[in-house]
Amino acid sequence: MDEITRTTASAATDVRAVRERVATHLVGRERETDLLLAAVAAGRDVLIEGPPGTSKSTLLRAITGEWGIPLLFVEGNADLTPTRLVGHHNPARVLREDYTADNFVPGPLVEAMRSGGFLYVEEFNRAPEDTLNTLLTAMAERSVTVPTMGTVRAADTFRVVASMNPYDAVGTTRMPTSVSDRMCRLAVGYQDADAERGIVGRRTGIEARRLVTDAVALTRATRERDDVRQGSSVRGAIDVALVASQLAAMRGVAVPDTDELRGLPEEYTAVVWDAMLVALSGRVHLDEIAERTPEGVLREIWEDHFLLQPAAAEPG
């Protein structure tokens with residue numbers, strides 16, 4: 001059993017104060033912030049599980065930034081070998097000097113361990129099994145042994161934080177029980193519509209409420225269809241709003257200043273449709289048995305939002 005440790009990075013800083021500062025970087029995510037901050041403060045390694053665009057990396061960057069802890073990012077894929085993760089000796093210097101500690105080039109794992117940083121492994125379940133085993137050793141022993149160089153021991157604040165998309169099974173590996181048993185797990189889902197509108201407004205700087213509302217509603221609708229395996233994240237809504245804003249300016253189309261869906265100008269809804277095609281068609285992943293195209297699905301979503309929804313709201 002691991003000895004329970006507590007982080008020393010905030011020895012002079014109250015964790016609650018850190019949490020309040022972290023909250024200024026995010027829209028919503030209060031509960032997730034509390035859980036992740038509590039886990040890493042308690043000395044635990046964490047797996048964050050959720051679809052793309054759910055603020056996983058933003059949350060982690062905010063915590064490490066406010067805590068003053070280095071964050072080292074690696075992407076889990078077939079190229080993430082143990083050597084790339086741990087490091088290697090400089091071949092040219094080895095020929096001149098033989099293997100020495102001075103000519104060792106540390107990889108992100110060793111850098112994080114030495115600096116007491118957080119190693120963030122994105123798409124954790126795409127990493128090769130031998131790489132996961134290397135991480136397991138680092139998590140279990142808080143040290144790694146490098147041939148010809150010796151043992152690297154982790155500073156107290158070293159953590160492994162990984163993320164994975166639960167809906168993506170192509171090219172992934174099954175998570176070994178020995179690895180998952182060493183990590184706390186935080187499930188992160190999509191935020192509600194109010195929070196996503198806040199994110200789009202903050203990220204784009206667009207003040208037109210009508211455009212932000214439509215971008216979020218249309219993007220969220222891609223997640224609710226039976227023929228869509230995975231819809232778009234809030235990044236799609238951000239792009240819809242940005243592209244539509246540019247198109248409207250280019251075409252001289254005014255964004256309506258109204259909260260009503262009834263009676264919107266066709267010029268405006270056409271701008272939103274064109275922006276949807278550019279921003280969302282590559283982010284909509286259809287079910288394998290669906291005999292549809294992304295464009296066809298998006299057209300139905302657009303019609304439901306602008307044509308059918310207002311009509312359904314009419315009295316009688």
Side-chain angles (χ1 to χ4, degrees), residues 45-61 64 70-92 94 99 103-115 117-149 151-152 154 158-188 228-233 235-236 281-288 294:
D45 301 307
V46 184
L47 172 64
I48 308 174
E49 190 171 321
T54 47
S55 304
K56 298 187 292 294
S57 59
T58 301
L59 176 56
L60 188 58
R61 287 190 180 97
T64 54
L71 177 63
L72 290 94
F73 172 91
V74 295
E75 184 175 349
N77 53 43
D79 296 329
L80 186 63
T81 61
T83 299
R84 291 191 64 178
L85 188 65
V86 174
H88 65 279
H89 288 273
N90 184 308
V94 167
Y99 291 94
N103 59 41
F104 179 73
V105 181
L109 174 59
V110 168
E111 285 190 30
M113 295 178 76
R114 285 175 169 172
S115 65
F118 285 16
L119 177 69
Y120 178 45
V121 186
E122 194 172 51
E123 297 191 76
F124 192 51
N125 54 339
R126 289 183 177 273
E129 187 173 351
D130 54 350
T131 302
L132 296 181
N133 290 334
T134 300
L135 284 169
L136 174 62
T137 301
M139 289 188 290
E141 306 297 332
R142 315 313 283 183
S143 66
V144 292
T145 300
V146 182
T148 73
M149 195 194 75
T151 298
V152 177
F158 166 70
R159 305 284 183 271
V160 174
V161 181
S163 68
M164 58 183 280
N165 176 6
Y167 304 113
D168 191 357
V170 179
T172 61
T173 58
R174 186 181 64 84
M175 188 64 57
T177 304
S178 57
V179 174
S180 59
D181 187 55
R182 292 282 178 184
M183 308 185 80
C184 292
R185 174 181 172 273
L186 174 62
V188 177
V228 175
R229 177 169 53 86
Q230 183 175 320
S232 174
S233 72
R235 295 183 185 123
S281 60
R283 290 180 163 107
V284 173
H285 305 283
L286 302 182
D287 191 284
E288 293 178 357

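For clarity, every value in this text was computed on a predicted model and none was experimentally measured. Heavy-atom basis, side chains included; hydrogens, waters and symmetry copies ignored.
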Inset, instruction - For residues Phe104 and Val146, report the shortest heavy-atom separation together with the two atoms involved. - result: CE1-CG1, 3.6 Å
Inset, instruction - Check Leu47 against Met183 and note the closest heavy-atom contact, atom names and distance. - result: N-CE, 3.9 Å
Inset, instruction - For Arg229 and Leu286, run side-chain contact (heavy atoms from CB on, under 4.5 Å): C-alpha distance rounded to whole Å, both residues' side-chain angles, the deciding distance at 0.1 Å, then the answer. - result: CA-CA 5 Å; Arg229 177 169 53 86; Leu286 302 182; over 6 Å; no
Inset, instruction - Locate the shortest heavy-atom distance separating Arg283 from His285; write the atom from each residue and the value. - result: O-CD2, 3.5 Å
Legend entry - Ser143 side chain to Thr151 side chain, donor-acceptor N/O pair below 3.5 angstrom: no
Legend entry - Contact summary for Leu71 and Arg61, nearest pair of heavy atoms: CD2-CG, 3.5 Å
Inset, instruction - Can you see which heavy atom on Met139 is nearest to which on Val160, and at what distance? - result: CG-CG2, 3.8 Å
Inset, instruction - Answer yes when Asp45 and Arg142 have at least one side-chain N-carboxylate O distance shorter than 4.0 Å, and no when they do not. - result: yes
Inset, instruction - Can you spot which of Val110, Leu109, Asp130 makes a side chain to side chain contact (heavy atoms under 4.5 Å, CB included) with Leu85? - result: Leu109
Legend entry - Main-chain N/O of Ala127 paired to Thr131 side chain as donor or acceptor, under 3.5 Å: no
Legend entry - Check: Lys56 side chain, Gly50 main-chain N or O, donor-acceptor pair, under 3.5 Å: yes
Inset, instruction - List for me each residue that meets side-chain hydrogen bond (donor to acceptor under 3.5 Å, both in side chains) alongside Glu122, sequence neighbours excluded, and say none if there are none. - result: none
Legend entry - Minimum-distance pair of heavy atoms, taken over all atoms of Val121 and Leu80: CG1-CD2, 4.4 Å
Inset, instruction - Would you mind reporting whether Asn133 and Glu129 have side-chain heavy atoms less than 4.5 Å apart? - result: yes
Inset, instruction - Look at the side chain of Ser55 and the backbone N and O of Thr58, then say whether any donor-acceptor pair between them is shorter than 3.5 Å. - result: no
Inset, instruction - To the nearest 0.5 angstrom, please state how far the OG atom of Ser163 sits from the CD atom of Glu49. - result: 10.0 Å
Legend entry - Polar contact flag, side-chain donor to acceptor under 3.5 angstrom, Tyr120-Ser57: no
Legend entry - Under 3.5 Å side-chain donor-acceptor pair for Arg182 and Ser178: no
